[in-house]
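Below: the structure, in structure tokens.
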Amino acid sequence: MSRIAPALDDLIGIEDPDDLMVEIMDLLSEGGTPEVGNFYLFVYNPKTSGIRYDQNPLVAVTGVFSWGFVGVNFHWGESRKYTFSEVVGGIYKVTAEEIKDLQALPFGKFRLNS
């Protein structure tokens, strides 16, 4: 059962991606290390300057390494690398059935790291 679906009516209409992300994270359980084949969301702040990034990514993990992980970012529609040291706070696992609900919410936050 989706943990997101019962709250969709309350979440739809929240326009600030950060406020929306906080509300979504409150519905989920933090914890664990990413595993290939699972879906996650988290807050990300890269150290590399001059790159465009999604601060609130929703990803399907395709590889896990000692430095971090690689995953297809649903907001970008392409694969991205994420280092563990640049993940802020926890990583939140989501289920396949929750992906549809999450894709209906505009919590992606695209930024240029300066």
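Side-chain atoms are counted along with the backbone in the values below, which use heavy atoms only and exclude waters and symmetry mates. Computed from a prediction, not measured in an experiment: that's the story for all the values here.
- Each of Y53, Y44, F65 was compared with Y82 under the ring pair (Phe, Tyr, Trp, His ring centres under 6.0 Å) criterion, and only Y44 meets it.
- N113 contributes no side-chain N or O that, together with a main-chain N or O of I51, makes up a donor-acceptor pair within less than 3.5 Å.
- When hydrophobic clusters are built by joining Ile, Leu, Val, Met, Phe, Trp and Tyr residues whose side-chain heavy atoms come closer than 4.5 Å, directly or via intermediates, V72 is not grouped with Y40.
- The local environment of CG in D9 is sparse, with at most 12 non-hydrogen atoms from other residues, nucleotides or ligands closer than 6.0 Å.
- Once rounded to the nearest 0.5 Å, the distance linking CG of D54 with CG of L41 reads 10.5 Å.
- Side-chain N or O atoms of T83 include none that pairs as donor or acceptor with a backbone N or O of G68 at under 3.5 Å.
- Residues V64 and P34 share a closest heavy-atom pair of CG2-O, 3.4 Å.
- At a cut-off of 3.5 Å, with distance as the only test, no side-chain donor of E78 or N73 sits close to an acceptor on the other residue.
- Judged as a side chain to side chain contact (heavy atoms under 4.5 Å, CB included), and not counting sequence neighbours, the contacts of L27 are I4, A7, L11.
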Pair V59-R80, side-chain contact (heavy atoms from CB on, under 4.5 Å): steps then yes or no:
CA-CA 9 Å; V59 301; R80 296 281 180 159; over 6 Å; no
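- Between F42 and F69, the ring centre distance stays below 6.0 Å.
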Output a table of donor-acceptor pairs, distance under 3.5 Å, between side-chain atoms of residues 90-99 and any protein atom two or more places apart or on a different chain; print 'none' if there are none.
{"residue": "Y92", "atom": "OH", "partner": "E30", "partner atom": "OE1", "Å": "3.4"}
{"residue": "T95", "atom": "OG1", "partner": "E98", "partner atom": "N", "Å": "3.3"}
{"residue": "T95", "atom": "OG1", "partner": "E98", "partner atom": "OE1", "Å": "3.3"}
{"residue": "E97", "atom": "OE2", "partner": "M1", "partner atom": "N", "Å": "2.6"}
{"residue": "E97", "atom": "OE2", "partner": "S2", "partner atom": "N", "Å": "3.0"}
{"residue": "E98", "atom": "OE1", "partner": "R3", "partner atom": "NH2", "Å": "2.9"}
{"residue": "E98", "atom": "OE1", "partner": "T95", "partner atom": "N", "Å": "2.9"}
{"residue": "E98", "atom": "OE2", "partner": "R3", "partner atom": "N", "Å": "2.8"}
{"residue": "E98", "atom": "OE2", "partner": "R3", "partner atom": "NE", "Å": "2.8"}

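- Cluster membership for F84 and V70, using ILVMFWY side-chain heavy atoms within less than 4.5 angstrom, is not shared.
- To the nearest 0.5 Å, atom CD1 of residue I24 and atom CG of residue L105 are 5.0 Å apart.
- Distance CG/L20 to NZ/K109: 12.0 Å, rounded to 0.5 Å.
- No chain of hydrophobic side-chain contacts below 4.5 Å, direct or via other Ile, Leu, Val, Met, Phe, Trp or Tyr residues, connects F39 to V61.
- Taking every heavy atom of both residues into account, E86 and K47 meet most closely at OE2-N, 2.9 Å.
- Expressed to the nearest 0.5 Å, how far CD1 of I14 lies from CE of M21 amounts to 13.0 Å.
- The ring pair (Phe, Tyr, Trp, His ring centres under 6.0 Å) pairs that include a residue from residues 94-114 are H75-F107, W76-F110, where partners are two or more places apart or lie in different chains.
- Counting heavy-atom neighbours within 6.0 Å of E15 CD, excluding the residue itself, gives a total of 12 or less.
- Formation of a donor-acceptor pair under 3.5 Å by the N56 side chain with backbone atoms of V43 is not found in this model.
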